[in-house]
Amino acid sequence: MRIRKASALAAAVLALSLTATACGSEDGDENGDGGSSGDGGGESLSIGIKYDQPGLGQQTPDGGYEGFDVDVATYIANELGVSEDNIEWVEAPSPDREAMLQRGDVDFIVASYSISDERKQQVDFAGPYFLAHQDLLVRADEGDITEEDVNDMTLCSVTGSTSAQNVQDSIAPDANLQNFSTYSECLPALQNGTIDALTTDDSILAGYAAQDQYQGQFKLAGLNLSDEHYGVGVPKGETQLRDDINAALEKMVSDGSWDTAVEENFGPANYENEPAPEITETD
Ligand code: GLU
């Protein structure tokens, strides 16, 4: 069984019964039992992460998962009494995150997921556990870029991200913005000159710039275009789970595991991270 609390389960069952005809049963977790893992005991968790963001959440060639978000998620799971072996990793692309939590596809999401008022109407967050800033990834031979230049650029970002939203709302409403479903899809377009820049969080961009296959080809513009506070997304109303995750995050920082995870995952990309932020997502 998963570690959902009875009240949350009851709410999930009710929600499911109301929407059952629309949902169908996609992953065997739609039957309201909270997702029995069938592993012969021990609790399991289903956690949403990114699969294509080196340094944060990446699927490795051998089918494993690595990155800061993976380490944070694993630490939280352990604190909740679930060992790494009993975690089911699920890809949580930016446009799908709210719906995945609302449908109950996953227990929680740790996927460079910025806390925002708009998202908080649909889901709850624990955290934040990290602070990043929006920036541009450009070709290495590009000259200096200022914020004023961005309106004249062809940009690539991802549907449903705060990065795309920020461009349209405030950073560069006149820019030619092309949205894909993942950031990694923008990289070939940046390489071949179809776009001028990929824009999202500097934490993500640093990971791409440091990838072996792109070594020396890209650089960050160094613009601090927004504050992105990463939260752990939980289904709306799962207050106990949120509080338990907050306690795990506090512990991860205080026992030094947070620093170790930052060093291991962002060190190779020479990413200069902000200190661990204060937890704000409480009642
Ligand atoms: N942190 C931003 C967001 O949550 C951009 C990164 C992402 O899409 O995962 O939208």
Side-chain angles (χ1 to χ4, degrees), residues 47-59 65-73 89-102 105-106 108-137 150 155-172 175 177-187 190 195 197-209 220-221 223-234 249 262 265-266 269 271 273-274 276-277 280-281:
I47 306 178
I49 53 166
K50 293 296 181 73
Y51 278 15
D52 68 336
Q53 294 180 189
L56 278 156
Q58 189 177 33
Q59 193 171 36
Y65 301 92
E66 64 184 20
F68 182 69
D69 281 342
V70 174
D71 287 352
V72 169
W89 300 107
V90 180
E91 185 173 21
S94 297
D96 302 342
R97 292 176 292 199
E98 288 82 27
M100 288 176 73
L101 289 169
Q102 285 171 325
D105 293 355
V106 289
F108 56 85
I109 289 180
V110 191
S112 58
Y113 198 9
S114 297
I115 299 168
S116 77
D117 288 342
E118 208 176 315
R119 289 173 177 165
K120 275 171 34 170
Q121 292 178 7
Q122 300 180 64
V123 302
D124 284 342
F125 288 97
Y129 64 91
F130 197 75
L131 171 59
H133 304 286
Q134 187 163 350
D135 197 359
L136 305 183
L137 188 71
V150 187
L155 304 174
C156 186
S157 197
V158 163
T159 314
S161 66
T162 53
S163 318
Q165 193 77 47
N166 292 339
V167 168
Q168 285 166 326
D169 290 353
S170 54
I171 296 171
L177 177 64
Q178 303 183 2
N179 282 326
F180 292 158
S181 44
T182 65
Y183 299 104
S184 56
E185 289 172 66
C186 297
L187 296 172
L190 181 58
I195 57 160
L198 157 57
T199 184
T200 186
D201 307 335
D202 49 10
S203 49
I204 300 172
L205 300 176
Y208 290 138
L220 276 73
L223 304 175
N224 181 335
L225 300 169
S226 73
D227 286 342
E228 304 295 325
H229 291 92
Y230 291 178
V232 177
V234 300
L249 294 173
V262 163
N265 294 294
F266 294 118
Y271 176 71
N273 65 287
E274 298 273 6
T280 55
E281 300 307 298

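In each ligand, atom 1 is the first atom listed, and ligand 1 is the first ligand listed.
Side chain to side chain, D202 and H133 fail the donor-acceptor criterion of an N or O pair below 3.5 Å.
Legend: residues meeting side chain to side chain donor-acceptor pair (under 3.5 Å) with Y208, ordered by chain and number and at least two apart, are absent. Partners of D71 under the salt bridge (Lys or Arg N to Asp or Glu O under 4.0 Å) rule, at least two apart in sequence or in another chain, do not exist in this structure.
L56 and S112 make their closest contact through CD1-CB, 4.4 Å (heavy atoms, listed as atom of the first residue, atom of the second, distance).
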Just the distances, no angles: every ligand 1 N or O to protein N or O pair closer than 3.5 Å, one line each.
unit_1: ligand 1; atom_1: 1 (N); unit_2: S112; atom_2: O; d: 2.8
unit_1: ligand 1; atom_1: 1 (N); unit_2: S114; atom_2: OG; d: 2.7
unit_1: ligand 1; atom_1: 1 (N); unit_2: D201; atom_2: OD2; d: 2.6
unit_1: ligand 1; atom_1: 4 (O); unit_2: R97; atom_2: NH2; d: 3.2
unit_1: ligand 1; atom_1: 4 (O); unit_2: S112; atom_2: O; d: 3.1
unit_1: ligand 1; atom_1: 4 (O); unit_2: S114; atom_2: N; d: 3.0
unit_1: ligand 1; atom_1: 4 (O); unit_2: R119; atom_2: NH1; d: 2.9
unit_1: ligand 1; atom_1: 8 (O); unit_2: S94; atom_2: OG; d: 2.6
unit_1: ligand 1; atom_1: 8 (O); unit_2: R97; atom_2: NH2; d: 3.4
unit_1: ligand 1; atom_1: 8 (O); unit_2: Y183; atom_2: OH; d: 2.5
unit_1: ligand 1; atom_1: 9 (O); unit_2: K50; atom_2: NZ; d: 2.7
unit_1: ligand 1; atom_1: 9 (O); unit_2: S94; atom_2: OG; d: 3.4
unit_1: ligand 1; atom_1: 9 (O); unit_2: R97; atom_2: NH1; d: 2.9
unit_1: ligand 1; atom_1: 9 (O); unit_2: S112; atom_2: O; d: 3.1
unit_1: ligand 1; atom_1: 9 (O); unit_2: S112; atom_2: OG; d: 2.7
unit_1: ligand 1; atom_1: 10 (O); unit_2: R97; atom_2: NH2; d: 3.2
unit_1: ligand 1; atom_1: 10 (O); unit_2: R119; atom_2: NH2; d: 2.9
unit_1: ligand 1; atom_1: 10 (O); unit_2: T162; atom_2: N; d: 2.8
unit_1: ligand 1; atom_1: 10 (O); unit_2: T162; atom_2: OG1; d: 3.3

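Contacts classified as salt bridge (Lys or Arg N to Asp or Glu O under 4.0 Å) and involving residues 91-102 (residues at least two apart or in different chains) are given here: E98-R119.
The side-chain contact (heavy atoms from CB on, under 4.5 Å) with V90 is formed by just one residue from the set I109, I47, V106; it is V106.
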